[in-house]
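Written out below as structure tokens is the structure these notes cover.
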Amino acid sequence: MYSKHHTKAIVLGAYNVGEASRTYRLFTSDMGVVLARCQSSREVRSRHRYGLQFSSVSDVSLVRSRDGWRITNVTPLSSVFFSHEDRQKRMLAVRILQLVRRLVVDEEQGSVVFDLVWNGLSALAGPDVTQDNLASFEVLLVLRILHELGYVQGDSAYTEHLSRPYHFSLEHISSFAPTHRKALVEINRALEASHL
């Protein structure tokens, strides 16, 4: 008998399988990135398809079979894209999900990175992230993701910002702003070196 896993997941992408099914790339809260197939999810009558759109956040039930993960149930919660009214914030959210898709590649990298991304995207929808500090917020979030995944080491200029990865208050973003450019250089160096 197969055991069932329940997890919160963000949909990072999908590709078609057969006539009506799809395999989804799910960024899960406790298992990292999982590829999971959902039977008949492309059919109009499928009750799962709304919770499996790109950037959807859903509670997902997964079963591991001999062929890999299968999605057995989906409860839609929200959408990373549509939870932001401002177009620039929506585009930033999409860039973060694309970065996660490139960097988090297997089931080993799990809950800490998910929590970091989730807290960042939640903060993006809040009042502390404004048009004035949006660029600094993005660099801070990307820096923290890269640090957690081992691509960036702590620099004395922004060590304190890496030690509290889930804090995205107006005060934290403002205090990070002076090191924004230095961190951006480090991010670009790390991505270049990793060939991502």
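Note that the numbering runs from 1 along the sequence shown for the chain.
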Any luck finding a side-chain donor-acceptor pair between [X] and [Y] under 3.5 Å?
{"X": "Ser55", "Y": "Ser79", "value": "yes"}
{"X": "Thr7", "Y": "Ser29", "value": "yes"}
{"X": "Asp128", "Y": "Ser169", "value": "no"}

Q: With side chain to side chain contact (heavy atoms under 4.5 Å, CB included) as the test, would you mind laying out the steps for Val11 and Gln53 before giving the verdict?
A: CA-CA 7 Å; Val11 180; Gln53 304 294 320; over 6 Å; no
Q) Got a sec, which hydrophobics cluster with Val185, joining ILVMFWY side chains under 4.5 Å apart, including via others? A) none
Q. Which hydrophobic side chains are connected to Tyr15, either touching it within the sub-4.5 Å cutoff or through other members that do?
A.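 Tyr15 clusters with Val17.
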Q. Do the side chain of Ser40 and the main chain of Ala20 share a donor and acceptor less than 3.5 angstrom apart?
A.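 Checking the backbone N and O of Ala20 against the side chain of Ser40, no donor-acceptor pair under 3.5 Å is found.
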(Q) Please check this pair: side chain of Arg42 against backbone of Gly18, looking for a donor-acceptor N/O pair closer than 3.5 Å. (A)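 Answer holds: yes.
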Taking every non-hydrogen atom, the tightest pair across [X] and [Y]:
{"X": "Leu26", "Y": "Leu52", "result": "CD2-CD2, 4.4 Å"}
{"X": "Gly51", "Y": "Ser56", "result": "O-CB, 3.5 Å"}
{"X": "Ser46", "Y": "Ser41", "result": "OG-CA, 3.5 Å"}
{"X": "Trp69", "Y": "Leu35", "result": "CB-O, 3.4 Å"}
{"X": "Gly126", "Y": "Lys89", "result": "O-NZ, 3.5 Å"}
{"X": "Glu148", "Y": "Val113", "result": "CG-CG2, 3.8 Å"}

Is [Y] close to [X] at the side-chain level, that is, under 4.5 Å between some pair of heavy atoms?
{"X": "Leu103", "Y": "Tyr151", "answer": "yes"}
{"X": "Asp30", "Y": "Lys8", "answer": "no"}
{"X": "Val112", "Y": "Tyr166", "answer": "yes"}
{"X": "Met91", "Y": "Gln88", "answer": "no"}

Partner set under side chain to side chain contact (heavy atoms under 4.5 Å, CB included) for [X], not counting sequence neighbours:
{"X": "Arg47", "value": "Asn73"}
{"X": "Gln153", "value": "none"}
{"X": "Thr130", "value": "Asp132, Asn133"}
{"X": "Asp67", "value": "Ser65, Arg70"}

Please report the interatomic distance [atom1]([X]) to [atom2]([Y]), rounded to the nearest 0.5 Å.
{"X": "Leu143", "Y": "Leu184", "atom1": "CG", "atom2": "CG", "result": "10.0 Å"}
{"X": "Ile187", "Y": "His147", "atom1": "CD1", "atom2": "NE2", "result": "12.5 Å"}
{"X": "Lys4", "Y": "Leu62", "atom1": "NZ", "atom2": "CG", "result": "10.0 Å"}

Please enumerate all residues that pass ring pair (Phe, Tyr, Trp, His ring centres under 6.0 Å) together with [X], with sequence neighbours excluded.
{"X": "His161", "result": "Phe176"}
{"X": "Phe137", "result": "Phe168"}
{"X": "His167", "result": "His172"}

(Q) Once salt bridge (charged side-chain N to carboxylate O under 4.0 Å, His left out) is applied, what residue pairs with a partner in residues 166-185 remain, sequence neighbours excluded? (A)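 Passing the test, one end in residues 166-185: Asp155-Lys182.
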Q | Pairwise ring-ring contact (aromatic ring centres under 6.0 Å, His included) hits with a residue in residues 34-54, at least two apart | A | none
Q. Which residues satisfy the salt bridge (charged side-chain N to carboxylate O under 4.0 Å, His left out) test with Glu43, sequence neighbours excluded?
A. Arg45
Q.
Is it true that, when you exclude Glu19 itself, more than 12 heavy atoms of the residues, nucleotides or ligands shown sit nearer than 6.0 Å to its CD?
A.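 It does not: Glu19 CD has 12 such atoms or fewer within range.
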Q) Out of curiosity, does Leu170 fall in the hydrophobic cluster containing Ile173 (side-chain heavy atoms, cut-off under 4.5 Å, transitive links)? A)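 No, separate clusters.
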Q: Indicate if Trp118 and Leu149 have the same hydrophobic cluster label, given that clusters are the connected sets of ILVMFWY residues with side-chain heavy-atom separations under 4.5 angstrom.
A: yes
Q | Residues Glu192, Arg189; criterion salt bridge (charged side-chain N to carboxylate O under 4.0 Å, His left out); working and verdict | A | CA-CA 5 Å; Glu192 232 177 83; Arg189 185 206 58 75; over 6 Å; no
